[in-house]
Amino acid sequence: RRTEATRSVRTHEIHRTACEALVAHFGADRPMHTVTTAEAEAFLHAPRGESGEPWAPATQASYRMVAGALWRYAIEREAEEAERQSVAPTLTRNPWRRARVRAARRSRPSVLTEEEIRDLLGHPAVAGTPREAFLAIAAYAGLRLQEITHLRTSQDVVLDGPRPMLRVQSRDGDHAWRPKTARSERDVRIPPVLVEILRRHIARGFAGTRYLFRAPGRDAPISSHTAREWTRNAFEAAGLQYGRDDGDGVTLHSLRHSHATILLSRGISIAAVADRLGDTQQIVLETYSHALPDDEERALSILDRIAREGGR
């Protein structure tokens, strides 16, 4: 309830799902102070579904975080109540702090080159269709799938004036939607090439009165399924392998990764790229460190010049 009142809808859903899993595993009447770290680990690593595999590392970490927050909250409440009644609290230990999770296998995100992006957007199966604007926003503005599908034509797409931009912002009412995090709400300036693509998209009647990408027959956001099919068809038509099942294919998110990788490799600062993506600088650094320019030789040259000029 506290999470529902203070956090985003997405965060509340994650917390609710994790708490339901805890109740199903331990039972609603299990005293919290009797749960051990070993039992917490057993919960995180228990076989799931038909595969018999435990949760993925990221899911384990998420559930450990939720459970740890729940225990901390309960410890705080019990400590206050115990102090009020002048008794010793029962719940004093958080078993989730030392519970181990699976190590995540980090790999470089799949990206497209600048030439591949141009070829993709210029392919006859893409150019002049709604898919062109859809994919171009991911490549040239770095937006996520849900951020693109929920763009509103008049409120979020600013093409006139000195600072053309796309606004990622939450919305209530019909088709209510919330961005991934608070940082995700942002204004993303867009280059002239994307401005031209979006102008053509609107002029051809592809955009609705409310939504830049509308579902067939109604002015509502396109579904995630439709968005993925648009991407799949475009990539396959351009000769690109779609999907990440075998680790070699690309998806719409690969265009967002490409956006960040290209900018960082050209010397754009981590802070600027993080602002465009709606991510923290730490996430950008961890994800795209391989794309940063190798400044070692330049650093050595600068140090040598400083030393020699100082010596004269």
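Everything numeric here is computed off the predicted structure, so don't read it as measured data.
Aromatic ring orientation, Y288 versus H290: tilted (interplanar angle from 30° to 60°). A perpendicular orientation is assigned to the rings of W230 and F213, their planes being inclined by more than 60° (bins at 30° and 60°).
More than 12 heavy atoms of other residues, nucleotides or ligands lie within 6.0 Å of CZ in R93, so this atom counts as buried by the packing criterion.
In this structure, OH on Y211 lies 9.0 Å from CG on D156, to the nearest 0.5 angstrom. Separating the CG atom in L166 from the CD1 atom in I190 is a distance of 4.5 Å, to the nearest 0.5 Å. Annotation: the span from F235 atom CZ to L252 atom CG amounts to 6.5 Å, rounded to 0.5 Å. Within the model, atoms CE of M32 and CG of L70 stand 4.5 Å from one another, a figure rounded to the nearest 0.5 Å. One distance of note links OG of S170 with NE2 of H150; it measures 11.5 Å at 0.5 Å rounding. Considering CG of L120 and CZ of R131, their distance stands at 10.5 Å, rounded to 0.5 Å.
In this structure, P95 and A40 approach most closely via the heavy-atom pair O-CB, 4.1 Å. Contact record, Y63 with A21: CE2-CB, 3.8 Å, taken as the closest heavy-atom pair. Residues C19 and V66 approach most closely at SG-CG1, 4.3 Å, considering heavy atoms. Of all the heavy atoms in V111 and E116, the pair that sits closest is O-OE1, 4.4 Å. Closest approach of V250 and S110 over heavy atoms only: CG1-CB, 3.9 Å. Closest heavy-atom contact between T3 and H15: OG1-ND1, 3.5 Å.
A donor-acceptor pair under 3.5 Å is absent between the side-chain atoms of E4 and the main chain of H12, judged by distance alone. Under a 3.5 Å cut-off, the side chain of E78 and the backbone N or O of T90 do form a donor-acceptor pair.
Using a 4.5 Å heavy-atom threshold, the side chains of T231 and L255 count as separate. In this structure, the side chains of R72 and W96 stay at 4.5 Å or more apart for every pair of heavy atoms. Residues L263 and H259 meet the side-chain proximity criterion, which asks for heavy atoms closer than 4.5 Å. Contact annotation: the side chain of P130 approaches that of H201 to within less than 4.5 Å [non-hydrogen atoms, C-beta and beyond]. Between E196 and R199 the shortest side-chain heavy-atom distance does not fall below 4.5 Å. Proximity of L44 to T59: side-chain heavy atoms (C-beta onward) are nowhere separated by under 4.5 Å. Within the 4.5 Å cutoff, side-chain heavy atoms of H45 are placed close to those of R102. Side-chain contact between L121 and Y140 is present, with heavy atoms from C-beta onward closer than 4.5 Å.
A salt bridge is defined here as a Lys NZ or Arg NE, NH1 or NH2 lying under 4.0 Å from an Asp or Glu carboxylate O, and D174 with R210 meets this definition. A salt bridge links D172 with R178: the closest approach of a Lys/Arg side-chain nitrogen to an acidic carboxylate oxygen falls below 4.0 angstrom. By the 4.0 Å N-to-carboxylate-O rule, R232 lies close enough to E229 to be salt-bridged with it.
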Fill in: CA sep, side-chain torsions, deciding dist, call: D279, R186, salt bridge (charged side-chain N to carboxylate O under 4.0 Å, His left out)
CA-CA 10 Å; D279 278 334; R186 63 200 189 278; over 6 Å; no
Discussion item. Between D187 and V158, is the side chain to side chain contact (heavy atoms under 4.5 Å, CB included) condition met? List the steps.
Written reply: CA-CA 10 Å; D187 291 344; V158 180; over 6 Å; no
Discussion item. Between E114 and R118, is the side chain to side chain contact (heavy atoms under 4.5 Å, CB included) condition met? List the steps.
Written reply: CA-CA 6 Å; E114 299 170 48; R118 290 193 295 268; 3.8 Å; yes
Worksheet item: Are R16 and E13 close enough, and set up right, to give a salt bridge (charged side-chain N to carboxylate O under 4.0 Å, His left out), and what steps lead you there?
Response: CA-CA 5 Å; R16 178 167 51 81; E13 290 176 351; 5.1 Å; no
Worksheet item: Would R144 and R256 count as a side chain to side chain contact (heavy atoms under 4.5 Å, CB included) if you check the C-alpha gap in whole Å, the side-chain angles of each, and the deciding distance to 0.1 Å?
Response: CA-CA 7 Å; R144 302 177 178 92; R256 173 178 163 88; 3.2 Å; yes
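With 3.5 Å as the limit, one finds a donor-acceptor pair spanning the side chains of T34 and R30. Side-chain N/O atoms of S184 and T181 include a donor and acceptor closer than 3.5 Å. Between the side chains of Q146 and S224, a donor-acceptor pair is found at a separation under 3.5 Å.
For the pair R48 and F43, the distance from NZ or CZ to the six-membered ring centre is under 6.0 Å and the angle to the ring normal is within 45 degrees.
By the side-chain hydrogen bond (donor to acceptor under 3.5 Å, both in side chains) test, Q155 pairs with R152, sequence neighbours left out.
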